[in-house]
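Being a predicted model, the structure only gives us computed values, none of them experimental.
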There are 2 protein chains.
Amino acid sequence: MRIGQLARSVGVDTQTVRFYEREGLLPPPDRQDNGYRVYTERHVERLAFIRRCRILELSLAEIHELQRYQTAPHQPCRAINTLLDDHITHVRSRITDLQVLEKQLVSLRASCNDDREIEACGVLDGLSEGNMQQ
Amino acid sequence: MRIGQLARSVGVDTQTVRFYEREGLLPPPDRQDNGYRVYTERHVERLAFIRRCRILELSLAEIHELQRYQTAPHQPCRAINTLLDDHITHVRSRITDLQVLEKQLVSLRASCNDDREIEACGVLDGLSEGNMQQ
DNA sequence: TAAAACCATATAGTCACTATAAGGTCAATA
DNA sequence: TATTGACCTTATAGTGACTATATGGTTTTA
């Protein structure tokens with residue numbers, strides 16, 4: 001299978017596939033005589049793994065770490081669970097941050113309506129004066 | 001006032017101040033004979049405005065747009081409100097995405113405990129098998 | 001046979017900084 | 001006086017995860 005078919009089958013761009021290879025996330029495949037990359041089912045699985053991790057917004061470094069664990073099947077899996085726990089913590093903290101942000105934005109928005117001149121705009125005023133509760 | 005004092009007074013790095021100048025967000029200040037930048041109160045206000053916008057996670061492009069509006073004080077301010085509404089929409093949609101993500105991660109995490117071998121790790125298994133509900 | 005679709009590499013751009021290198025300026029101290 | 005330290009300058013590269021572009025070779029299809 002060539003790079004286009006691999007990419008389509010997993011739903012990424014061919015550029016992204018080459019990028020993952022450069023980053024060491026996807027093993028370099030064999031080449032045809034013309035230099036074209038030839039992929040196997042193993043590559044499809046490996047790329048699909050990366051894609052699923054990315055959908056969960058794991059970083060490439062975290063995916064790398066997971067791949068390293070896969071090469072030591074008889075080690076305890078605590079590190080994997082920890083990695084996921086840390087990621088969950090990260091996601092939750094980002095949600096909290098954004099919820100605070102949303103409140104601030106909504107409150108700022110409430111300080112104006114559409115029928116003013118820019119000079120009197122409550123939003124611009126709120127951004128200009130320092131009465132923001134950090 | 002020199003760049004260090006300006007930066008400290010607003011809580012950013014001097015590099016960031018120069019970066020904003022290059023990006024056209026902060027007007028180029030006068031220079032001393034030795035080439036040092038000299039800032040005024042106006043610059044402090046301008047930088048503080050940028051900083052407050054950044055705390056609300058407005059992009060530099062959006063901040064630029066707001067600054068353009070400021071130069072036309074008698075135009076109606078609807079565009080400003082719209083910019084903020086769009087940003088609120090963006091933040092809300094990101095929150096929703098992350099909440100979905102969190103559920104998926106927690107469910108994945110529940111499929112394992114710390115006492116297994118990597119080979120049998122529920123988390124790794126969940127990432128490897130394609131039974132993810134997108 | 002020619003066009004379309006595919007493949008290759010290399011390089012630059014995105015965003016908002018942050019880090020590093022290499023050097024000039026200035027005031028206070030040894 | 002020399003030197004240390006804190007400041008300032010510019011230029012360039014790195015971050016993360018791609019995405020876009022340029023340039024050219026190969027294969028497939030009409």
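- Distance from the side chain of B:Arg31 is smallest to D:dT9 among C:dT9, D:dT9, C:dC6.
- Remark: A:Asp30 engages no residue in a side chain to side chain donor-acceptor pair (under 3.5 Å) (not counting sequence neighbours).
- Among the atoms of the strands shown, base atoms are found under 4.0 Å from some heavy atom of B:Arg18.
- For residues 58-72 of chain A, no residue pair satisfies the salt bridge (Lys or Arg N to Asp or Glu O under 4.0 Å) rule, not counting sequence neighbours.
- Separating the CD1 atom of B:Ile3 from the C1' atom of D:dT10 is a distance of 12 Å, rounded to the nearest angstrom.
- Here D:dG25 presents its C1' atom at 14 Å from CZ of A:Arg37, a figure rounded to the nearest Å.
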Under 3.5 Å, sequence neighbours excluded: what are the donor-acceptor pairs made by side chains of residues 2-10 of chain B?
from: B:Ser9; atom 1: OG; to: B:Leu6; atom 2: O; distance (Å): 2.8

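- Computed from coordinates, the A:Glu23 CD to D:dT19 P distance equals 14 Å when rounded to whole Å.
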For nucleotides 16-27 of chain C, read 5' to 3', which letter fits each nucleotide if B means a protein heavy atom sits under 4.0 Å from the base, S means only the sugar-phosphate is that close, and - means neither?
BBSBB---BBS-
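- Note on residues 45-78 of chain A: no pairs pass ring pair (Phe, Tyr, Trp, His ring centres under 6.0 Å), not counting sequence neighbours.
- Between its two ends, the helix from C:dT1-D:dA30 to C:dA30-D:dT1 turns its axis by 30°, counting five pairs per end and rounding to 10 degrees.
- Listed for the B:Asp125 side chain is no donor-acceptor partner under 3.5 Å among the backbone atoms of B:Ala120.
- Rounded to an integer number of Å, the gap from CG of B:Leu6 to P of D:dT9 is 11 Å.
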Side-chain polar contacts of residues 18-27 of chain A - donor-acceptor pairs under 3.5 angstrom, sequence neighbours left out - could you list them?
from: A:Glu21; atom 1: OE1; to: A:Arg37; atom 2: NE; distance (Å): 2.8

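- Following rounding to the nearest Å, B:Asp33 (CG) and D:dC8 (P) show an atom-to-atom distance of 17 Å.
- Between the NE2 atom of A:His90 and the P atom of D:dG16 there is a distance of 13 Å, given to the nearest Å.
- For residues 82-94 of chain A, the pairs satisfying side-chain hydrogen bond (donor to acceptor under 3.5 Å, both in side chains) are A:Asp85-B:Arg109, A:Arg92-B:Glu102, A:Arg94-B:Glu57, with sequence neighbours left out.
- Judged as a side chain to side chain donor-acceptor pair (under 3.5 Å), and not counting sequence neighbours, A:Glu45 has no contacts.
- For A:Arg51 and D:dA17, the CZ to P distance is 14 Å, given to the nearest whole Å.
- Cluster annotation: A:Val44 is not connected to A:Tyr36 through the hydrophobic network of ILVMFWY side chains, with a link wherever side-chain heavy atoms come within less than 4.5 Å.
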